[in-house]
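Data block below; observations after.
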Amino acid sequence: MDIILKRLTSVYFLVIVYSCFLNIRTTCAPVKEDDRRPWEINTGLCPPALADLCNSGDGDSQNSFSSPFFEGDIVLDLDSQFWLAKQNLEDSSKRKTRAIRKPKSKLWPGGIIPYELDTTFDKKTVDTIRGAMRQWERHTCIDFRKKKKADKDYIQFKFQPGCWSYIGRQGGRQLVSLGPGCAIPGTVLHELGHAIGFWHEQGRRDRDDYITIVDKNVAPGLEKNFGKIDKANVTSMGFMYDYQSVMHYGALYFTKNGKPTIKVKKQYRDYGFEIGQRDRVSDLDIAQIRAMYKCNKLPVKEKCFQSKAGDGREYRGKLDYTRKGITCQKWSSNWPHKHNYYSDDKKVQEKKGFGNHNYCRNPGGRRERLWCFTTLKNKVWDYCDIKICEKN
């Protein structure tokens, strides 16, 4: 009975969606939906815009249906389909993956992403989309702006069935779908992350050092959603694994029995990480976007900081990257690098210039000049890109 009701509910929402395409309804979003997560919403869907990716075989049987989504919510362009298919072929033959053609650059020039909104979205949905865009913009050089006539490459937020996006810039118009149940802040943040250029965090090649995939709890036929992307094609740029990334799967994704399909490795559980959070863009998300788009602009000629102590311990500015342009780790955080510099004592924090920030400091003058812990996996700390004025 539950299965029948679920199917009827899905049909109901699809009828609503298709009526939007026929302009029967004046406002198509948001539509009251259940509390399913995006991967659940997308299961079994074939959006009209992706119809050519859905079916294989003669289409007469249930088994002939092929999902258009990679890892639940990603739509692959032909270039990406090619090198992922070749990667799987190499892996299956147990040969080292080499010479796999990388896809063309998916970055948006200058970090500028023109966008267009479906006219059927209501004000609440539009506000949600703009709020998600502002989160990415606030901490990086990414700039979402309304599409101009001259813009050839742009994203279009569309009310299609499902929650999905392409990875990075595709060329021409590319859709970001926010169908029934998708117009919530965390989901929009996540889909925008894909459009900017992010894959899923748990697809990293080193993920087995940090998480365990519990295969016995994965729903039959959905095992492929837990693959790893070859490092020859996707790189973490040296950053630490990010449990708190807005691009990470949740613990119950693709579960068949309500039990976890992903578990944090025992040695990292004390950190209290919540995988699959959709509340905010994480610190490492920000650091990686800055590195990807070269957001930390190193000045050619920088004014020096006048330090009475000669080592910059008095500096209270907001420079937050190293001399190589790497975003600093927050002083209030012990990830990726553990330290004991931060104190819960507010007086100590104020004296050292600490807080819930990543600004360059030299607490107590322990080093010769300003420095910070880095967000890189194998670089614990580095000097910051600021000079100390020479004493006269």
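Hydrogens, waters and symmetry mates are skipped; everything else that's a heavy atom, side chains included, is used.
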Partners passing salt bridge (Lys or Arg N to Asp or Glu O under 4.0 Å) against [X] (at least two apart in sequence or in another chain):
| X | value |
| --- | --- |
| D153 | R169 |
| D143 | none |
| R361 | none |
| D209 | none |

Do [X] and [Y] sit in one hydrophobic cluster, given that two such residues count as connected whenever their side-chain heavy atoms are within less than 4.5 Å of each other, even indirectly?
| X | Y | value |
| --- | --- | --- |
| I326 | Y359 | no |
| V348 | W331 | no |
| F144 | L117 | yes |

With the threshold set at 4.0 Å, does a side-chain nitrogen-carboxylate oxygen contact exist between E40 and R37? yes
Would D345 and K347 pass as an ion pair if we require N to O under 4.0 Å? no
Any chance you could pull the hydrophobic cluster mates of I211, using side-chain heavy atoms under 4.5 angstrom and chaining through other members? W39, Y210, I213, V218, L222, F226, M240, Y241, Y243, Y249, Y253, F254, I262, V264, Y268, Y271, F273, I275, L284, W335
For the Cys pair C384 and C372, is the SG-SG distance shorter than 2.5 Å? no
Quickly, which of T255, N257, T261 forms a side chain to side chain donor-acceptor pair (under 3.5 Å) with N217? Name it, please. N257
Can you name the one residue among R369, E314, R313 that meets side chain to side chain donor-acceptor pair (under 3.5 Å) with S307? E314
What's the spacing between [X] [atom1] and [Y] [atom2] if we round to 0.5 Å?
| X | Y | atom1 | atom2 | value |
| --- | --- | --- | --- | --- |
| K263 | R269 | NZ | CZ | 6.5 Å |
| C182 | I41 | SG | CD1 | 4.5 Å |
| C328 | W371 | SG | CH2 | 9.5 Å |

Can you tell me if [X] uses its side chain to pair, donor with acceptor, with the backbone of [Y] under 3.5 Å?
| X | Y | result |
| --- | --- | --- |
| E191 | L178 | no |
| N225 | E71 | yes |
| W108 | A195 | yes |
| N356 | K330 | no |
| D285 | V246 | yes |
| H337 | K379 | yes |
| Q329 | V380 | no |

Ring pair (Phe, Tyr, Trp, His ring centres under 6.0 Å) between Y293 and W136, intermediate numbers included: CA-CA 13 Å; Y293 281 90; W136 284 109; over 10 Å; no
Go through the side-chain N and O atoms of T327 and N296 and say whether any donor and acceptor fall under 3.5 Å apart. yes
How about V75 and H194: do any of their side-chain heavy atoms sit closer than 4.5 Å? no
Measuring only between side-chain heavy atoms, which start at C-beta, is L192 closer than 4.5 Å to I155? yes
Please check if atom NZ in K259 has more than 12 non-hydrogen atoms from other residues, nucleotides or ligands closer than 6.0 Å. no
Using the side-chain hydrogen bond (donor to acceptor under 3.5 Å, both in side chains) criterion, which residues pair with R173? Sequence neighbours excluded. Q156
